[in-house]
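Throughout, a chain's letter reflects where its sequence line sits, starting with A, and its residues are numbered from 1.
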There are 2 protein chains.
Amino acid sequence: MSDLDFHDHDHSACRATLLRAAEQRCRDKGLQLTPVRRRVLELLAEGHRAMGAYEVLDLLRAEGFGSQPPVAYRALDFLVSNGLAHKIERLNAFIACALPGSRHAPVFLICTGCGTVAETHLDLGDGRLGEIADRAGFEIGRAVVEIEGRCPTCREAA
Amino acid sequence: MSDLDFHDHDHSACRATLLRAAEQRCRDKGLQLTPVRRRVLELLAEGHRAMGAYEVLDLLRAEGFGSQPPVAYRALDFLVSNGLAHKIERLNAFIACALPGSRHAPVFLICTGCGTVAETHLDLGDGRLGEIADRAGFEIGRAVVEIEGRCPTCREAA
DNA sequence: CCTTTCGTGTTATATTATCACATACGCCGA
DNA sequence: TCGGCGTATGTGATAATATAACACGAAAGG
């Protein structure tokens, strides 16, 4: 199985793995994976798709957490800042990081048919984007790479 | 001079070139480069930077065009749909296309120091991103590639 | 002349995101 | 033990970004 799959993998296992990795990471870095933060990560992992901040907020509210936007945004910011989740700019939505620990730039393949988002990583230092930046004397910080198109399943359906 | 420069180029010339290219393109494709649309493209070209929709709207309003958001959004949508401008998702802002006519995916280098945005293009079909998509059986549609970092000038200053 | 299409304009509203301030809790040094 | 400090949570209010829905007018084509 590739690291880049759209539909066929053990979803509950990846959710558990992901949460364990997050706990580990927070222990290592001295970060607090508080109840709200942990729950938001779980929601993203359970949903296994890009979710809007207000969608997350609705779920939090229903579970007795704070009900105002900053509650969701702060938890999401924490997760994103610490590499546990990503924001998909194109969708104004958030998704659990599928490959925690990787130091490469995340790349998202977004299916316009079913909305599924697959994550992989790319080493920017080397390759075309690296060349482009080097030639321009540009020092790369963070990168947003989001590709819209059709996943294998939706291609077959069409 | 590279096609990817941050600060040193003939700005008024590029603005004129850009407008001429837009007129040409609209003639060829049977599109209407109406006064609002043309003016918005000019504003983006004159600003030579990413501008928010409401910033554009304020300028339009001051010049006697309609004063409500759809006026700006519609003109911007037209320009983006027809390859005359791009939306920088990361900034929720718009910029004139610096390389009109190119059929490759636009790549933006965004300087976090001075806010300057440089545009270049990348052929996705071939290269790493193409490989990634191929391996996953993913059919590439449109791509968002936005790299934040520091331009040469801001690196020297630091 | 009539109809259709497209573009513009308006009002109203939806969606996404942040500010500002209050409270609580743990830690740690005085 | 207590006070100060940093951090996290919660709140109400508001900002920033974007779209829906509808009216009008101009141009094209029968």
Q) For the side chain of B:Pro70, counting heavy atoms from C-beta on, which of C:dT11, D:dT9, C:dT18 is nearest? A) C:dT11
Spacing of [X] atom [atom1] relative to [N] atom [atom2], expressed in whole Å:
X: B:Phe78; N: C:dC6; atom1: CZ; atom2: P; answer: 13 Å
X: A:Leu33; N: D:dT7; atom1: CG; atom2: C1'; answer: 15 Å
X: B:Asp77; N: D:dA20; atom1: CG; atom2: C1'; answer: 14 Å
X: A:Leu91; N: C:dA17; atom1: CG; atom2: P; answer: 11 Å
X: A:Leu79; N: D:dA8; atom1: CG; atom2: C1'; answer: 14 Å

Under 4.0 Å: is that the gap between some side-chain N or O of [X] and OP1 or OP2 of [N]?
X: A:Tyr73; N: C:dT18; value: no
X: B:Lys87; N: D:dT17; value: no
X: B:Asn92; N: D:dA16; value: no
X: A:Gln32; N: D:dA8; value: yes

Q | is_close_aromatic(A:His86, A:Phe108), centroid dist under 6.0 Å | A | yes
Q.
Between A:Arg128 and B:Arg128, is the side chain to side chain contact (heavy atoms under 4.5 Å, CB included) condition met? List the steps.
A. CA-CA 8 Å; A:Arg128 303 252 175 112; B:Arg128 303 253 174 110; over 6 Å; no
**Q.** 5'-most by nearest nucleotide on DNA chain D - B:Glu89 or A:Arg74
**A.** A:Arg74
Q: Using heavy atoms and a sub-4.0 Å distance, could you list which residues of residues 38-69 of chain A are near DNA chain C? By number, please.
A: A:Tyr54, A:Pro69
Q) Can you tell me how far OG1 of A:Thr116 sits from CZ of B:Phe138, rounded to the nearest 0.5 angstrom? A) 10.0 Å
**Q.** B:Leu79 side, atom CG; B:Lys87 side, atom NZ - distance, nearest 0.5 Å
**A.** 14.0 Å
**Q.** Option among A:Ile147, A:Val145, A:Val144 that satisfies the side chain to side chain contact (heavy atoms under 4.5 Å, CB included) test with B:Val144
**A.** A:Val144
Q: Give me the ring orientation class for B:His121 and B:His104: parallel if the planes are under 30° apart, tilted from 30 to 60°, perpendicular past 60°.
A: tilted
(Q) Assess whether a salt bridge exists between A:Arg39 and A:Glu42, defined as any Lys/Arg side-chain N lying under 4.0 Å from an Asp/Glu carboxylate O. (A) yes
